[in-house]
Amino acid sequence: MARIANPTKEAIELPAIDEQRINDAMNNFTSIQSEYNEERDLVNQLLGQSQMADAFAKFSNTVFISKLSYVKENKLYQYITNNKSEDSSSKNTWEGFCKLLGWTPQHANEAIANLHSLGEEALESMSRMGIGYRELRQYRKLPEDQKTALIEVAKAGDKETLVELAEEFIAKNNKEKEQLKKENNNLQADYKALSKRNADVAKEKEELAIKLAQFEMKTVPLDERLEPFKKQIAETQSRIDKLFEEQRQYVDIMYKLMLDIMENDPDYDPEKPYSLPESMQIALLTLNGSAVLTLDQARYVHRELWNKFDSDIMEAQQRQESLVNENVQDLYK
């Protein structure tokens, strides 16, 4: 029996494989499986969103800055797991994180400062109005009451009123600053003038005190001016006498020490020259030097005195001797 050929089977059409969809699902599964650290996830999510153009375009600028602020405050940039920065020194730092986002640290810090100062709602509204960083920097430096007024206008979405009110506030504050600067300069000038005047007054007072002292010296009787001077001379002489007495005692002490040394020296022979110990000789040299210096100083003072008042001293001595002789003669009368 002849074989009958089987009818040809129709080809089965299989659905096309969406490889992109499968890859996306696998990637999502891997991502979900690895998200076990919330802080690390946040910083890497933020980094990923900023690096993906389509996602970043849909990403609210204010929300982005809010997350950026949270990352900085909690130092979450240290958890970056995919830092391909060529500069290893900035890896896992705030500066390195900002560079990965395509921002400068100054730009990021400025944005965070605007967020904290103006609030999310007002900042979001101002961003939609096209208010730039230069204006925002001026707004956040305004006094609190003026800044609060601007925030309320910004929330209402009225750009024209916002700009007019901000310009009015800024112009007013600039005018006040200029006035304060002018007043400060005037105060500094007054202070310098007053300081100079005080210095002049102090100098005048010193000169007046000198002139007054000179006048008093001229008007006070000579005997009254000399009395305290004579008292000082007597006190000085008393101290000198005391010092001389101490030096005489030093000589006596040294002499007794010498006798004691010779008496206790078994080799001492009174008929032969005797040398004192070296320490004793040094002490004697010291005492002799002190006596010589004292004598020289006394001679110097005496010489100066005679150079200036020799005739007056001689006259005074003669008068004193005459008085003594007269007193003696009176005794024998």
Short N-O contact, [X] and [Y], less than 4.0 angstrom:
X      : Y      : value
Lys230 : Glu227 : yes
Lys175 : Glu178 : no
Asp252 : Arg248 : no
Arg128 : Glu124 : yes

**OP:** Measure the acute angle between the ring planes of Trp103 and Phe64, then classify it against the limits of 30° and 60° as parallel, tilted or perpendicular.
**Re:** tilted
Original post:
In chain order, what residues pass the salt bridge (Lys or Arg N to Asp or Glu O under 4.0 Å) check against Glu135, with sequence neighbours excluded?
Top reply: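 Not a single residue meets the salt bridge (Lys or Arg N to Asp or Glu O under 4.0 Å) criterion with Glu135.
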**OP:** Apply salt bridge (Lys or Arg N to Asp or Glu O under 4.0 Å) to Glu304 and list each qualifying residue two or more places apart in sequence or on a separate chain.
**Re:**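 By the salt bridge (Lys or Arg N to Asp or Glu O under 4.0 Å) rule, Glu304 matches Lys308.
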**OP:** Go through the steps for Trp306 and Met314 under the test side chain to side chain contact (heavy atoms under 4.5 Å, CB included), then give the verdict.
**Re:** CA-CA 9 Å; Trp306 273 84; Met314 292 178 65; 3.6 Å; yes
Minimal non-hydrogen separation, [X] against [Y], with atom names:
X      : Y      : answer
Ser125 : Gly157 : OG-CA, 4.0 Å
Ala283 : Met254 : CB-CE, 3.6 Å
Gly96  : Thr93  : N-OG1, 3.0 Å
Ala166 : Leu150 : N-CD2, 3.7 Å
Cys98  : Ala108 : SG-CB, 3.7 Å
Ile151 : Ser117 : CD1-O, 4.1 Å

Original post:
Glu110 and Arg140: salt bridge (Lys or Arg N to Asp or Glu O under 4.0 Å), yes or no, with the steps?
Top reply: CA-CA 11 Å; Glu110 187 88 5; Arg140 73 168 188 263; 3.2 Å; yes
When hydrophobic residues are tied together by side-chain contacts of less than 4.5 Å, even through go-betweens, does [X] share a cluster with [Y]?
X      : Y      : answer
Leu285 : Leu257 : no
Leu259 : Tyr268 : yes
Tyr133 : Ile112 : yes
Met280 : Ile253 : yes
Leu276 : Tyr255 : yes

Are there more than 12 heavy atoms of other residues, nucleotides or ligands under 6.0 Å from atom [atom1] of [X]?
X      : atom1 : answer
Glu206 : CD    : no
Tyr274 : OH    : yes
Gln317 : CD    : yes

Can you tell me how far apart [atom1] ([X]) and [atom2] ([Y]) are? Round to the nearest 0.5 Å.
X      : Y      : atom1 : atom2 : answer
Leu136 : Ser127 : CG    : OG    : 6.5 Å
Tyr77  : Leu100 : OH    : CG    : 13.5 Å
Leu142 : Lys147 : CG    : NZ    : 8.0 Å
Met129 : Leu162 : CE    : CG    : 5.5 Å
Met258 : Glu263 : CE    : CD    : 12.0 Å
Leu101 : Leu68  : CG    : CG    : 6.5 Å

Is the backbone N or O of [Y] less than 3.5 Å from a side-chain atom of [X], with the two atoms forming a donor-acceptor pair by type?
X      : Y      : value
Glu120 : Val63  : no
Ser322 : Gln318 : yes
Thr236 : Gln232 : yes
Ser290 : Thr286 : no
Asn307 : Arg303 : yes
Asn288 : Leu284 : no
Ser66  : Thr62  : no
Asp265 : Ile261 : no

Original post:
Can you tell if the side chain of Asp260 reaches within under 4.5 Å of the side chain of Lys256, non-hydrogen atoms only?
Top reply: no
**OP:** For side chain to side chain contact (heavy atoms under 4.5 Å, CB included), just list the numbers for Asn109 and Lys72, CA-CA rounded to whole Å, side-chain angles, deciding distance to a tenth of an Å, and then say yes or no.
**Re:** CA-CA 9 Å; Asn109 294 335; Lys72 182 182 180 182; 2.7 Å; yes
**OP:** Kindly determine whether Glu73 and Ser69 satisfy side-chain hydrogen bond (donor to acceptor under 3.5 Å, both in side chains), including the steps that lead there.
**Re:** CA-CA 6 Å; Glu73 291 173 1; Ser69 174; 3.1 Å; yes
Subject >> Full working for side chain to side chain contact (heavy atoms under 4.5 Å, CB included) between Phe97 and Val71 >> reply: CA-CA 10 Å; Phe97 178 66; Val71 168; 3.8 Å; yes
Subject >> From Gln146, Gln138, Lys141, residue fulfilling side-chain hydrogen bond (donor to acceptor under 3.5 Å, both in side chains) relative to Asn173 >> reply: Gln146
**OP:** Determine, step by step, whether Leu165 and Glu168 satisfy the side chain to side chain contact (heavy atoms under 4.5 Å, CB included) criterion, reporting the C-alpha distance in whole Å, the side-chain angles of both residues, the deciding distance to 0.1 Å, and the verdict.
**Re:** CA-CA 5 Å; Leu165 188 61; Glu168 179 183 344; 4.2 Å; yes
